[in-house]
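One structure is given here, and the rest of the page talks about it.
Everything numeric in this text was worked out from a predicted model, so none of it was measured. In what follows, chains carry the letters A, B, and so on, assigned in the order in which the sequence lines appear, proteins first and then strands, with residues in each chain numbered from 1.
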2 protein chains.
Amino acid sequence: MSHPTAPLDARHLRPAGRATRAAIEEAGRRLFGSHTYEEVSVRAIAAEAGVDPAMVIRHFGSKEALYLRSIDTSLGVGAVIDGPVETLGRRIIAYFLDQRDSPIGKRHAGLVQASYRQQVRAELNRHTRVRFVDAIAPRLAADDAELRVALMVAQLGGFLTMLFVQQDPLITDADPDQVIVLYGDSLQRLITG
Amino acid sequence: MSHPTAPLDARHLRPAGRATRAAIEEAGRRLFGSHTYEEVSVRAIAAEAGVDPAMVIRHFGSKEALYLRSIDTSLGVGAVIDGPVETLGRRIIAYFLDQRDSPIGKRHAGLVQASYRQQVRAELNRHTRVRFVDAIAPRLAADDAELRVALMVAQLGGFLTMLFVQQDPLITDADPDQVIVLYGDSLQRLITG
DNA sequence: CGGCATGTGTCAACGTCGTTGACTCTCTCG
DNA sequence: CGAGAGAGTCAACGACGTTGACACATGCCG
């Protein structure tokens with residue numbers, strides 16, 4: 001349709017195409033997981049997948065589209081959210097402070113950098129809704145529960161950006177326990193209290 | 001030194017060079033003030049200044065260096081900070097909610113986008129220290145005042161990113177007064193209380 | 001089974017980007 | 001006045017995301 005031989009629709013793929021497509025997606029997931037959006041070039045993804053750069057665009061339409069597919073399953077905050085909401089604040093801060101040297105930091109930095117793209121923003125907003133609001137708000141008593149959770153996500157995002165992107169020494173060099181208490185309790189009061 | 005005719009050092013400039021340099025800096029300030037980092041090309045700055053693109057690099061070394069010069073005087077949060085610290089939380093949120101359609105939003109978005117560059121990060125951290133920590137911490141009673149202010153900046157940054165970059169409808173469509181109370185008080189408790 | 005549409009892959013190229021080097025002109029200072 | 005340094009022009013570099021033209025291979029349908 002849009003292209004004489006565009007296999008953008010994954011349904012009519014032949015085995016070879018399926019394999020190539022999978023290789024590209026996996027390469028993208030690997031590279032986008034450990035580098036920021038702009039650090040990863042389409043040519044690098046193609047090289048990692050052992051494929052022509054044109055194939056990346058042909059199979060996914062654009063670098064941005066591939067990026068979106070690469071992150072949608074890797075955004076989880078783990079099982080922290082499932083715990084009791086009464087102690088969620090401290091637990092979620094402790095969780096991310098513990099992940100300081102894991103790839104999660106790079107992934108968050110990549111998201112921040114890519115978030116000026118409309119489709120990425122849309123995906124992030126969707127993620128906020130399903131992973132946070134829909135998961136937490138029902139367990140709260142307040143009638144403005146949804147707004148409270150959304151604001152909590154904003155506050156959490158600010159912390160992650162400081163920790164992983166900005167890396168302000170005032171915070172990265174601070175006593176983790178102190179940060180957990182101060183910021184965790186602040187988060188907590190936003191949703192319950 | 002680094003270049004046969006590099007006027008990177010502003011001291012030995014002749015009038016013509018001084019004028020060109022000023023035109024470029026002003027064009028940069030204008031464009032970076034209303035567009036994000038990547039949206040503004042060196043060639044566009046040069047065109048806006050009526051100058052050859054090479055002159056931009058010659059006078060400032062790089063696009064990033066010019067960007068840094070363009071923002072360092074425009075990052076202010078106004079006089080909000082000077083008011084009483086006891087009500088700073090709500091006031092600062094109200095201030096930015098009021099600036100929803102001002103260029104401040106675009107500027108913040110540009111900062112977020114550019115913040116993966118090391119020099120920009122350094123400048124932002126410096127800004128956090130002199131404009132926030134040094135301005136607020138001395139007026140607080142707590143002995144962990146500096147950390148509290150740094151965390152407050154993180155929390156504020158999260159809000160600004162949601163408001164200006166991410167634009168999550170859960171927050172942008174919410175009742176501003178409700179947001180001011182919820183998030184403002186949360187900020188407030190982080191520094192006093 | 002043959003042919004034709006369609007999937008798959010290769011390659012070169014486009015237009016953009018930030019940046020650099022070679023070259024010329026002009027002004028200033030000794 | 002002449003030398004050296006500031007100022008400006010222009011073309012080009014290598015990288016980027018993306019596209020088009022083309023060749024080859026495969027699988028369905030008559």
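The CZ-C1' distance, from B/R58 to C/dT24, rounds to 12 Å in whole Å. The separation between A/I57 atom CD1 and D/dT19 atom C1' is 9 Å, rounded to whole Å. Rounding to whole angstrom units, NE2 of residue A/H59 and P of C/dG9 are separated by 5 Å. Between B/L66 atom CG and C/dC17 atom P there is a gap of 15 Å when expressed in whole angstrom units. Counting to the nearest Å, the C1' atom of C/dG9 and the CZ atom of A/R21 are 16 Å from each other. What separates CD of A/E39 from P of D/dC16 is a distance of 12 Å, to the nearest Å. Rounded to an integer number of Å, the gap from B/F60 CZ to C/dT19 P is 13 Å. One interatomic measurement links the two molecules: CG of A/D52 to P of D/dC16, which rounds to 14 Å at whole-angstrom precision.
Between B/L151 and B/L147, some side-chain heavy-atom pair lies under the 4.5 Å cut-off. A 4.5 Å side-chain heavy-atom check between A/I45 and A/F32 finds at least one atom pair inside the cut-off. A 4.5 Å side-chain heavy-atom check between B/Y37 and B/R117 finds at least one atom pair inside the cut-off. Annotation: side chain of B/S186 is in contact with side chain of A/S186 (closest heavy-atom distance under 4.5 Å).
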Open item on the list: Determine whether B/D52 and B/M55 satisfy the following criterion, side-chain contact (heavy atoms from CB on, under 4.5 Å), listing intermediate values before the conclusion.
Closed with: CA-CA 5 Å; B/D52 191 277; B/M55 288 286 98; 4.2 Å; yes
Task: Step-by-step side-chain contact (heavy atoms from CB on, under 4.5 Å) determination, B/Y67 to B/V40 - done: CA-CA 10 Å; B/Y67 178 73; B/V40 178; over 6 Å; no
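Nearest nucleotide to the side chain of A/S41, out of C/dA22, C/dG18, D/dC16: D/dC16. For B/V42, the listed nucleotide lying nearest its side chain is C/dG18; candidates were D/dC10, C/dG9, C/dG18. Proximity note for A/R43 (side chain, C-beta onward) versus C/dG9, D/dG17, D/dC10: the nearest is D/dG17. Residue A/K63 places its side chain closer to D/dG17 than to any other of C/dT8, D/dG20, D/dG17.
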- [ ] Encode nucleotides 25-30 of chain C as B, S and - characters from 5' to 3', where the letter depends on protein heavy atoms closer than 4.0 Å: B to the base, S only to sugar-phosphate, - to neither.
- [x] -BBS--
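Put simply, A/T20 has a side-chain N or O that comes within less than 4.0 Å of OP1 or OP2 on C/dG9.
Seen from the ring of B/F60, B/R21 counts as a face-on cation partner, given the 6.0 Å and 45° thresholds.
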